[in-house]
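Excluded from the calculations below are hydrogen atoms, water molecules and symmetry mates; all remaining heavy atoms, backbone and side chain alike, are included.
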Amino acid sequence: MESIMEMLRERELSLPVAQAAVVPIGEEGKSGALKAAAALRRAGIRTSLETGSRRLKKTLAAASAKGIRYVVLVGSDEAASGVVRLKDMRESKESLLSMQEAAAMIQDQPY
């Protein structure tokens with residue numbers, strides 16, 4: 001067992017970077033964010049769900065630093081309207097899209 005543990009410590013483990021991060025805006029956006037993350041995962045998109053209580057600016061900076069290209073923002077307005085705000089961190093563009101449109105856009109772009 002010890003030799004296996006030593007071998008695992010020596011081996012570099014590289015996990016794939018998420019293609020998208022889902023960020024709830026306020027308490028009202030949490031259920032919409034969970035639904036958005038589930039929809040992206042069903043579409044085969046590697047997705048992280050931000051659950052911390054950091055400020056939005058810091059959360060976006062952290063996603064960018066991790067190399068995550070797309071951030072899906074879900075607030076109370078978006079959840080009520082059935083849309084999400086898709087932010088392309090590389091292009092610095094933001095769009096208001098349906099969940100299906102957002103998933104298609106993420107799938108179509110190289111990360």
Side-chain angles (χ1 to χ4, degrees):
M1 184 69 158
E2 291 169 8
S3 61
I4 293 172
M5 293 301 293
E6 186 61 35
M7 193 170 69
L8 288 174
R9 280 190 205 106
E10 292 174 4
R11 180 184 260 180
E12 275 197 40
L13 180 65
S14 61
L15 299 173
V17 175
Q19 292 169 274
V22 179
V23 179
I25 308 294
E27 287 295 316
E28 304 83 18
K30 286 186 178 181
S31 66
L34 288 170
K35 290 175 187 175
L40 290 173
R41 289 175 180 146
R42 276 194 304 274
I45 298 168
R46 287 187 313 277
T47 305
S48 69
L49 178 62
E50 300 298 322
T51 57
S53 59
R54 290 191 285 184
R55 293 186 173 270
L56 180 59
K57 188 173 182 177
K58 293 232 182 228
T59 302
L60 293 175
S64 184
K66 290 177 188 175
I68 298 173
R69 179 167 181 180
Y70 294 100
V71 176
V72 176
L73 303 168
V74 183
S76 59
D77 293 343
E78 290 84 4
S81 302
V83 295
V84 295
R85 192 169 298 278
L86 181 66
K87 185 166 182 67
D88 184 334
M89 301 301 286
R90 192 176 298 160
E91 301 290 326
S92 297
K93 294 181 181 176
E94 195 172 297
S95 306
L96 200 58
L97 305 167
S98 72
M99 195 60 244
Q100 293 78 18
E101 292 170 329
M105 183 175 280
I106 294 168
Q107 287 174 329
D108 289 346
Q109 298 297 317
Y111 50 92

(message) Suppose clustering is done on Ile, Leu, Val, Met, Phe, Trp and Tyr with side-chain heavy atoms closer than 4.5 Å. Which residues sit in the same group as V83?
(response) L96
(request) Measure across S48 and A18 and return the closest heavy-atom pair with its distance rounded to 0.1 Å. (result) N-CB, 4.0 Å
(request) Working to the nearest 0.5 Å, report the span between OH of Y70 and CG of D88. (result) 4.5 Å
(message) Could you report the tightest heavy-atom contact between A43 and A103, atom names first, then the distance?
(response) CB-CB, 4.3 Å
(request) Would you mind listing every salt bridge (Lys or Arg N to Asp or Glu O under 4.0 Å) that reaches into residues 57-66, with sequence neighbours excluded? (result) none
(message) E101: which residues meet the side-chain contact (heavy atoms from CB on, under 4.5 Å) condition with it, sequence neighbours left out?
(response) L97, S98
(request) Kindly write out the residues that satisfy side-chain contact (heavy atoms from CB on, under 4.5 Å) with A37, not counting sequence neighbours, or none if the list is empty. (result) V22, R41, T47, L49
(request) Would you check if Q107 and I45 make a side-chain contact, meaning some heavy-atom pair closer than 4.5 Å? (result) yes
(message) Checking E27 now: which residues fulfil side chain to side chain donor-acceptor pair (under 3.5 Å) with it, not counting sequence neighbours?
(response) K30
(request) Check whether any side-chain heavy atom of E91 lies under 4.5 Å from a side-chain heavy atom of R69, and answer yes or no. (result) yes
(request) Determine whether E50 and T59 make a side-chain contact, defined as any pair of heavy atoms from C-beta on separated by less than 4.5 Å. (result) yes
(request) List, by chain and number, the other hydrophobic cluster members for L60, where Ile, Leu, Val, Met, Phe, Trp and Tyr join if side-chain heavy atoms come within less than 4.5 Å, directly or indirectly. (result) V23, I25, L56, V71, L73, M89
